[in-house]
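Have a look at the structure below, then the notes.
Since the structure is predicted, the reported quantities are computational estimates derived from the model, not experimental observations. In what follows, chains are A, B, ... by sequence order, proteins preceding strands, each numbered from 1.
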2 protein chains.
Amino acid sequence: MLTIREVTELTGIAAPTLRYYEKEGLLPHVRRNENGKRLYDEDDLSWIHFVTALRATGMPISQIQKYVYLYKEGDSTISERKMMMLQHKKEIEKSIRELYFNLDKINYKLALYDVIESQIERTNIKI
Amino acid sequence: MLTIREVTELTGIAAPTLRYYEKEGLLPHVRRNENGKRLYDEDDLSWIHFVTALRATGMPISQIQKYVYLYKEGDSTISERKMMMLQHKKEIEKSIRELYFNLDKINYKLALYDVIESQIERTNIKI
DNA sequence: TCTTGACTTAAAGTGAACTTTATAATCTAT
DNA sequence: ATAGATTATAAAGTTCACTTTAAGTCAAGA
């Protein structure tokens with residue numbers, strides 16, 4: 001069992017953020033010791049990594065809340081949870097497509113700069 | 001020359017956002033008619049599309065401000081602007097890599113759901 | 001024993017990027 | 001000529017996801 005400090009060192013997530021996630025219901029079943037201090041086990045670490053992956057791919061806190069709520073409901077919500085993940089997968093793929101699309105525009109801009117620089121070279125103008 | 005309404009229809013960007021971008025210095029040289037109403041030309045539309053691409057790829061307003069400031073400075077800032085774009089290109093590529101990395105985790109989760117569902121099928125349990 | 005440091009909570013604060021509101025001026029159609 | 005829509009500005013408000021602060025509890029080391 002790990003203290004909150006050990007988890008922050010392991011994950012790079014700030015302690016207040018871990019408490020915030022827990023308060024918002026993103027981390028089910030984090031235990032406490034006899035004095036109320038948090039103790040994290042392997043399952044908690046898995047949840048933290050999973051929540052981090054969802055956040056890093058743009059899933060809002062509110063939707064992760066819903067997912068964890070369904071998880072707590074038990075096996076009857078498995079298909080709904082799977083559908084949430086399928087939907088989120090689509091969103092991520094869409095984000096990637098949009099990034100590539102806009103990356104093209106940046107590359108076009110960079111190509112223009114290359115043209116300008118080669119013109120400067122040819123005409124021997126100094127900037 | 002287009003009115004702000006025509007630009008919102010053309011770009012899907014809300015009029016207050018266009019005014020906000022202009023106020024923040026993201027859109028150089030937007031003209032006005034004799035009564036102070038904005039009139040956008042082709043160059044303005046290009047800037048709007050460019051700013052939109054930068055925003056959609058996560059560049060902060062403050063950095064776009066800096067880029068436009070350099071643009072207004074003239075040709076002597078070309079290499080600095082090109083470096084900004086090269087750096088931003090790297091950031092976008094990093095974002096794409098991270099999205100793929102986390103997409104893998106979501107796909108792993110989905111594979112687990114598939115395993116669970118096939119188990120349910122085999123054991124004939126109804127959920 | 002004292003004090004230092006790590007933990008706890010609730011509540012307030014922050015920063016980024018808009019968005020809304022309030023008020024006034026101007027354009028458009030009848 | 002006038003009603004209703006559109007535009008302008010400045011300033012306040014909103015949302016999201018944390019982050020910081022304030023005030024307190026507790027265990028361990030000098």
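Put simply, T17(A) has a side-chain N or O that comes within less than 4.0 Å of OP1 or OP2 on dT19(D). Phosphate proximity of dA6(C) to T3(A): absent, as no side-chain N or O sits under 4.0 Å from OP1 or OP2. Note on R55(A): a side-chain N or O is less than 4.0 Å away from OP1 or OP2 of dC18(D). Between R38(A) and the phosphate of dC7(C), there is no side-chain N or O to OP1/OP2 separation shorter than 4.0 Å. One finds a side-chain N or O of Y21(B) lying less than 4.0 angstrom from the OP1 or OP2 phosphate oxygen of dC18(C). Put simply, N35(A) has no side-chain N or O that comes within less than 4.0 Å of OP1 or OP2 on dT25(D).
Nearer the 5' end of DNA chain C, as judged by each residue's closest nucleotide, is the contact made by P60(B), out of P60(B) and P16(B). The 5' end of DNA chain C is approached more closely, in terms of each residue's nearest nucleotide, by M59(B) than by the other of K37(B) and M59(B). Residues G58(A) and I4(B) both approach DNA chain D. Their nearest nucleotides, taken by heavy-atom distance, put I4(B) toward the 5′ side.
In this structure, R32(B) atom CZ and dA25(C) atom P are separated by 17 Å, rounded to whole Å. Rounded to whole angstrom, the span from the OH atom of Y20(B) across to the C1' atom of dT14(D) amounts to 13 Å. One can place CZ of R5(A) at 18 Å from P of dT4(C), the figure rounded to the nearest angstrom. Separating the CD1 atom of I64(B) from the C1' atom of dA16(C) is a distance of 12 Å, rounded to the nearest angstrom. E24(B) places its CD atom 10 Å from the P atom of dC18(C), with the value rounded to the nearest Å. We find that CD of E34(A) is positioned 10 Å from C1' of dA27(D), with the value rounded to whole Å. Summarising the geometry, the separation between CG on L27(B) and P on dC18(C) is reported as 12 Å, rounded to the nearest angstrom. When the P atom of dT26(C) is taken as reference, atom CG of L39(B) falls 15 Å away, rounded to whole Å.
When atom types are taken as modelled, the side chain of T77(A) and the backbone of E73(A) share no donor-acceptor pair closer than 3.5 angstrom.
Nearest approach of R81(B) to G74(B), heavy atoms of both residues: NH2-O, 3.0 Å.
Note: M1(B) CE to D44(B) CG = 7.0 Å, rounded to the nearest 0.5 Å.
With a 4.5 Å cut-off on side-chain heavy atoms, K94(B) and R97(B) count as touching.
Base contact: R19(A) has a heavy atom under 4.0 Å from a base atom. Residue S62(A) is out of contact with every strand shown, counting any heavy-atom pair closer than 4.0 Å.
Less than 6.0 angstrom separates the ring centroid of Y67(A) from the ring centroid of F50(A).
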